[in-house]
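All values derive from a computational prediction rather than experimental measurement. What you see below is based on every heavy atom in this structure, not just the backbone, and it leaves out hydrogens, waters and symmetry mates.
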Amino acid sequence: MRKSRTERLHSAADTGSRHALSAEIRDGRARVELSSAMLGMLLAEFEVDVPDSWRRGGAASAHGTGEVDNVGVTRLYTPVTRKRPDPKVGRELRAYREEFTDDRLDGWEWFGPSDGRVADGKYAWPTQDADFSGEGTMASALLRDAPKGTYTVEAKLHLPITDAPDGRSQAGLIAFRSPEDSIHLAPDPHRSHP
């Protein structure tokens with residue numbers, strides 16, 4: 001017996017652009033999500049029962065033709081059900097400490113143009129109309145070599161929320177090899193912090 005299930009797209013969805021479709025099948029249930037570029041902003045989602053015998057997946061078009069790329073099927077992950085112990089912070093590596101007491105910034109180097117200045121034991125750095133997306137103007141980053149092995153980084157940061165048009169002003173820490181190979185850690189300006 002053949003069954004079908006449909007779900008309406010979000011009213012603002014642009015059906016003329018490409019989207020990401022993912023399906024996770026576990027224990028006889030399939031969870032299907034349609035999103036814009038896999039950014040966590042769902043345009044549609046639903047769950048449906050499926051036969052336990054389903055072991056393969058792919059892409060198909062039921063009506064007419066369709067365009068698909070970057071198709072991937074992978075083995076289902078095993079959920080983590082036990083919390084790992086919290087990491088313990090070791091001794092301070094004073095050679096990596098920076099209190100911004102002078103303009104020399106020994107041991108640091110810039111990616112992109114230098115900006116800002118040392119003032120009153122802080123580095124005052126105006127936000128830039130740029131980011132690390134790889135499109136448009138690239139933001140600057142103040143970098144130094146990291147210690148070997150496992151380490152903890154702590155920074156004190158004050159970022160006044162501005163009335164930027166996109167509301168996305170950010171500042172924070174970055175683990176950086178290149179703009180395409182980096183991890184950014186920044187507070188969400190839309191959430192309050194203690």
If you compare all heavy atoms of [X] against all heavy atoms of [Y], which two are closest, and at what distance to 0.1 Å?
X	Y	answer
D115	Y123	O-OH, 2.6 Å
Y96	R144	O-NH1, 3.5 Å
R26	P79	NH1-CD, 3.4 Å
L157	A171	CD2-O, 3.1 Å
D102	R104	OD1-N, 2.9 Å
A146	Y151	CB-OH, 3.3 Å

Let me check something: do [X] and [Y] share a hydrophobic cluster, defined by ILVMFWY side-chain heavy atoms less than 4.5 Å apart, either directly or through other members?
X	Y	result
W110	M138	no
L21	L9	yes
F46	W54	yes
L105	I174	no

[atom1]/[X]: more than 12 non-hydrogen atoms of other groups inside 6.0 Å:
X	atom1	result
D49	CG	yes
D129	CG	no
R117	CZ	no
E92	CD	yes

Could you label the plane-to-plane angle of the F176 and F111 rings as parallel, tilted or perpendicular, counting under 30° as parallel and over 60° as perpendicular? tilted
Using the side-chain contact (heavy atoms from CB on, under 4.5 Å) rule, take V32 and L34 through it: C-alpha gap first, then chi angles, then the decisive distance, then the call. CA-CA 7 Å; V32 181; L34 181 71; over 6 Å; no
Only pairs under 3.5 Å count here: list side-chain donor-acceptor contacts from residues 66-77, not counting sequence neighbours, and write none if there are none.
{"residue": "E67", "atom": "OE1", "partner": "R18", "partner atom": "NH2", "Å": "2.8"}

Start with the C-alpha distance between E7 and E45, add both sets of side-chain angles, then the distance that settles side-chain contact (heavy atoms from CB on, under 4.5 Å), and finish with yes or no. CA-CA 7 Å; E7 186 71 22; E45 63 178 325; over 6 Å; no
Side chain of E98, backbone of F100: donor and acceptor closer than 3.5 Å? yes
Any donor-acceptor N/O pair, S140 side chain to S114 backbone, under 3.5 Å: no
Output the distance between atom CD (E99) and atom NZ (K122), rounded to the nearest 0.5 Å. 12.5 Å
Can you confirm whether L143 sits close enough to W108 that some side-chain heavy atom of one is under 4.5 Å from a side-chain heavy atom of the other? no
